[in-house]
Amino acid sequence: MGNPKAFLTVPRKEAGYRPVHDRINDFSEVEQTLNSGDRRLQASRCMDCGIPFCHWACPIGNKQPEWQDLLYKGRWKEAFYVLEETCDFPEFTGRICPAPCEKSCVLMLSANEPVTIRENEVSIIEAAFREGYVKPVQPVRNGKTVAVIGSGPAGLTVANRLNRKGYTVVVFEKEELPGGLLRYGIPNFKLSKTIIDRRIDLMKKEGIEFRLNAMVGNDISTKEIVDSFDAVCVAIGSEIPRDLKVEGRNLKGVYFALELLSQQNRILEGISVPPKNIINAKGKKVLVIGGGDTGSDCVGTANRHGAASVTQIEIMPKPPVGFNPGTPWPAWPQVLRTSSSHEEGCVRRWCLTTNRFIGEKNTLKAVEIEEVEWIPGENGGRPIMKPTGKTEIIEADLVFLSMGFVHPEQEGLLQELKLATNDRKNISVNSSQQTSSEKVFACGDATTGASLVVRAMASGKKTAKAIDHYLQS
Ligand SMILES: Cc1cc2nc3c(=O)[nH]c(=O)nc-3n(C[C@H](O)[C@H](O)[C@H](O)COP(=O)(O)OP(=O)(O)OC[C@H]3O[C@@H](n4cnc5c(N)ncnc54)[C@H](O)[C@@H]3O)c2cc1C
Ligand code: SF4
């Protein structure tokens with residue numbers, strides 16, 4: 001611990017976002033950076049607690065106090081080495097992790113001003129790339145081969161770890177570019193795609209082969225994969241969005257969130273989209289159904305298109321503001337979150353269900369919503385939703401359904417690989433991420449359901465270790 005009094009004298013300082021009037025006109029990253037002097041001061045606030053709850057809360061087990069101390073002392077290179085021991089891609093987590101570590105920081109409890117752990121993390125890896133500390137490693141090959149199906153954060157973590165251990169790794173990806181939801185889900189204003197390209201280039205230089213436009217079970221048979229590799233890792237994500245099968249669902253103007261978000265990312269990438277398929281919110285009244293992060297990303301995208309109005313509705317009650325006694329420190333607090341996209345302009349409403357979509361000439365014009373009440377479940381069980389009969393018609397030209405994802409998309413692939421699914425229809429794995437099929441492992445959202453980048457990476461780390469163990473025994 002470099003400066004034992006800094007937590008008393010240095011306040012938390014966030015880099016903050018670009019001003020709304022500026023950022024709303026483009027899709028560039030909204031978050032700014034601090035200069036290196038301020039960044040080091042922020043790192044000095046870490047108290048190196050006897051029990052580092054930040055470390056406990058981080059799904060990949062980052063050693064935050066250690067790299068904060070090195071960062072404070074200006075030993076950026078060593079900070080990078082400690083960080084990369086546990087985190088394969090700090091440039092992703094440092095930008096888009098919701099940072100449960102910060103919610104568990106003791107300075108969150110005592111002063112509501114946790115250390116800026118996430119921002120410090122990204123500043124270390126960006127300095128490492130800038131200064132040339134990140135260099136391609138050239139592992140000694142051990143003669144064994146691994147196929148990774150899917151190039152999202154889970155698959156990339158497995159590939160990275162096993163490649164560096166000497167396995168020959170091939171990543172199969174059905175899309176035209178690698179990255180999974182990092183590439184085709186998360187908007188560029190949260191994560192620039194040049195950041196993914198930089199990492200993929202490095203992984204290629206280290207010997208990983210990416211086969212793109214290669215859908216396993218379609219473009220390549222699963223038998224060929226299983227027969228050709230010593231182990232297989234299925235990291236195909238959880239791609240089926242939850243639908244809202246109410247009257248008018250097929251009207252023109254009602255889309256899944258990812259239809260908008262992945263198309264927008266493709267357009268920004270220069271990938272051509274047929275004009276008749278383009279979804280653009282310019283001048284439109286937009287309704288986002290679902291109050292989570294994916295919905296918030298639709299809000300930010302619609303505002304950048306120049307929507308006339310944006311409303312986001314959620315079926316659950318509004319969470320408490322600031323503090324929730326039901327989720328006390330150091331747990332992840334279930335409280336109201338306001339994203340950069342919400343700040344850019346959006347009406348947010350809660351306790352609303354959607355009864356029907358109303359159209360004219362097969363085109364969406366309005367949506368009937370209804371207030372609901374939530375009654376506590378018996379014996380502390382799940383709350384029960386009760387419609388109130390209070391309905392309302394709101395005008396809408398575009399609706400984006402952002403109500404989560406249900407399970408992996410490809411029943412065919414799962415059957416061909418003889419992979420069992422659990423009752424939530426995620427791929428079943430044992431404690432070593434091993435499936436019911438010989439030499440086939442699985443990880444990420446495909447096994448847990450839709451989650452977070454950092455959790456997908458944690459699952460990838462565990463799976464890489466299990467595959468290594470399997471291939472060594
Ligand atoms: C809109 C949106 C915003 C999000 N924002 C955040 C955020 O800000 N922070 C955060 O932490 N998390 C966020 N998440 C969640 C996060 O993106 C996911 O939890 C994470 O990407 C899951 O990683 P994964 O590798 O398991 O799957 P994915 O990222 O879904 O990757 C799976 C990959 O497998 C490929 N694939 C599927 N089937 C095949 C096949 N048969 N053959 C070859 N390839 C195949 C897919 O094309 C895809 O590239 C967001 C999610 C969405 C939808
Ligand atoms: S990965 Fe997320 S939880 Fe872990 S240290 Fe970074 S910001 Fe915190």
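Sequential numbering from 1 along the given sequence is applied to the chain's residues. Every number for a ligand or one of its atoms is a count from 1 in the order of the listing. Predicted model, so just to flag it, every value in this text is computed and none were measured.
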Heavy-atom gap I149 to ligand 1 smaller than 4.0 Å: yes
field: Where ligand 1 meets E175 - atom numbers and elements under 4.0 angstrom, heavy-atom basis
entry: 47 (O)
Selected option - heavy-atom contact closest to atom 32 (C) of ligand 1, from P178, A450, A235: A235
- prompt: Which protein atoms of type N, O or S are found under 2.8 Å from atom 6 (Fe) of ligand 2?
  reply: E121 OE1
- prompt: Of all the atoms in ligand 1, which lie at a distance below 4.0 Å from a heavy atom belonging to M215?
  reply: 41 (N), 42 (N)
- prompt: Between R249 and D243, is there a salt bridge with N-O shorter than 4.0 Å?
  reply: yes
query: Hey, which atoms in ligand 1 end up nearer than 4.0 Å to a heavy atom of G237?
result: 27 (O), 30 (O), 32 (C)
message: Regarding atom 26 (O) of ligand 1: of the candidates I236, D445, L258, which has the closest heavy atom?
response: D445
message: Regarding D397 and K282, does a basic nitrogen lie under 4.0 Å from an acidic carboxylate oxygen?
response: no
Side chain proximity check, F256 to T294, heavy atoms < 4.5 angstrom: no
- request: May I have the step-by-step check of side chain to side chain donor-acceptor pair (under 3.5 Å) for Q312 and S296, ending in yes or no?
  value: CA-CA 8 Å; Q312 184 179 22; S296 153; 5.9 Å; no
query: Any sub-3.5 Å donor-acceptor pair from K318's side-chain atoms to R348's backbone N or O?
result: no
statement: So the atoms of ligand 1 within less than 4.0 Å of a heavy atom of G185 turn out to be 1 (C)
message: Salt bridge check, R164 against E84: does any charged N sit closer than 4.0 Å to a carboxylate O?
response: yes
Numbered atoms of ligand 1 (with element) below 4.0 Å of A214, judged on heavy atoms: 42 (N), 43 (C)
Nitrogen or oxygen atoms of V453 and ligand 1 under 3.5 Å apart: yes
query: Taking atom types as modelled and ignoring hydrogens, do the side chains of Q263 and Y255 form a donor-acceptor contact shorter than 3.5 angstrom?
result: no
- prompt: Taking heavy atoms and a distance under 4.0 Å, where does L261 meet ligand 1: side chain, backbone, both or neither?
  reply: side chain
- prompt: Any idea which of G155, G152, P98 brings a heavy atom closest to atom 31 (O) of ligand 1?
  reply: G152
message: Does only the side chain of E239 get under 4.0 Å from ligand 1, or the backbone, or both, or neither? Count heavy atoms.
response: side chain
query: Under 4.0 Å between a Lys/Arg side-chain N and an Asp/Glu carboxylate O for E119 and R12?
result: no
query: What do you reckon, does T294 have a nitrogen or oxygen under 3.5 Å from a nitrogen or oxygen of ligand 1?
result: no
- prompt: What orientation do F229 and F172 show, parallel under 30°, tilted 30 to 60°, or perpendicular over 60°?
  reply: perpendicular
message: Under 4.0 Å from a heavy atom of F172: which atoms of ligand 1 are those, numbered in the order shown and with their elements?
response: 43 (C), 44 (N)
- prompt: Quick one: are the ring centres of W329 and F53 less than 6.0 Å apart?
  reply: yes
- request: Would you check the N or O atoms of V216, main chain and side chain alike, for any that come under 3.5 Å of an N or O of ligand 1?
  value: yes
message: Between R118 and E14 (salt bridge meaning N to carboxylate O under 4.0 Å), is one present in this structure?
response: no
query: Any N or O of E173 that comes nearer than 3.5 Å to an N or O of ligand 1?
result: yes
task: Output yes when R183 and E175 qualify as a salt bridge under the 4.0 Å nitrogen-oxygen rule, no when they do not.
output: no
message: Regarding ligand 1, does I96 bring an N or O atom to under 3.5 Å of one of the ligand's N or O atoms?
response: yes
- prompt: Is a salt bridge present between R349 and E314, judged by a nitrogen-to-oxygen distance below 4.0 Å?
  reply: no
query: Should D297 be listed as contacting ligand 1, given a heavy-atom distance under 4.0 Å as the test?
result: yes
query: Around atom NZ of K461, are there more than 12 heavy atoms of other residues, nucleotides or ligands at under 6.0 Å?
result: yes
- prompt: For K193, does the NZ atom have more than 12 heavy-atom neighbours from other residues, nucleotides or ligands under 6.0 Å away?
  reply: yes
- request: Could you see which bit of R455 sits under 4.0 Å from ligand 1, with heavy atoms only: side chain, backbone, both or neither?
  value: neither
message: Can you name the atoms of ligand 2, numbered from 1 with element, that are less than 4.0 Å from a heavy atom of P100?
response: 3 (S)
message: I'd like to know if Y184 contacts ligand 1, where contact means a heavy-atom distance under 4.0 Å to any ligand atom.
response: no
- prompt: Which atoms from ligand 1 have a heavy atom of S451 less than 4.0 Å away?
  reply: 15 (C), 19 (O)
- request: Any atoms of ligand 1 less than 4.0 Å from a non-hydrogen atom of G444? List them with their elements.
  value: 26 (O)
Region of A257 that comes within reach of ligand 1 [heavy atoms, distance under 4.0 Å]: neither
message: Any carboxylate oxygen within less than 4.0 angstrom of a Lys/Arg side-chain nitrogen, looking at D88 and R161?
response: yes
- request: Output all residues satisfying salt bridge (charged side-chain N to carboxylate O under 4.0 Å, His left out) with D201, sequence neighbours left out; order by chain, then residue number.
  value: none
task: Using a strict cut-off of less than 4.0 Å between a Lys/Arg side-chain nitrogen and an Asp/Glu carboxylate oxygen, indicate whether K418 and E416 qualify as a salt bridge.
output: no
message: Under a 4.0 Å threshold between the charged nitrogen and the carboxylate oxygen, would E113 count as salt-bridged to R45?
response: yes
field: N or O contact, A456 vs ligand 1, cut-off under 3.5 Å
entry: no
message: Yes or no: does G460 have any heavy atom under 4.0 Å from an atom of ligand 1?
response: no
Polar proximity ligand 1 side, F405 side, N/O cut 3.5 Å exclusive: no
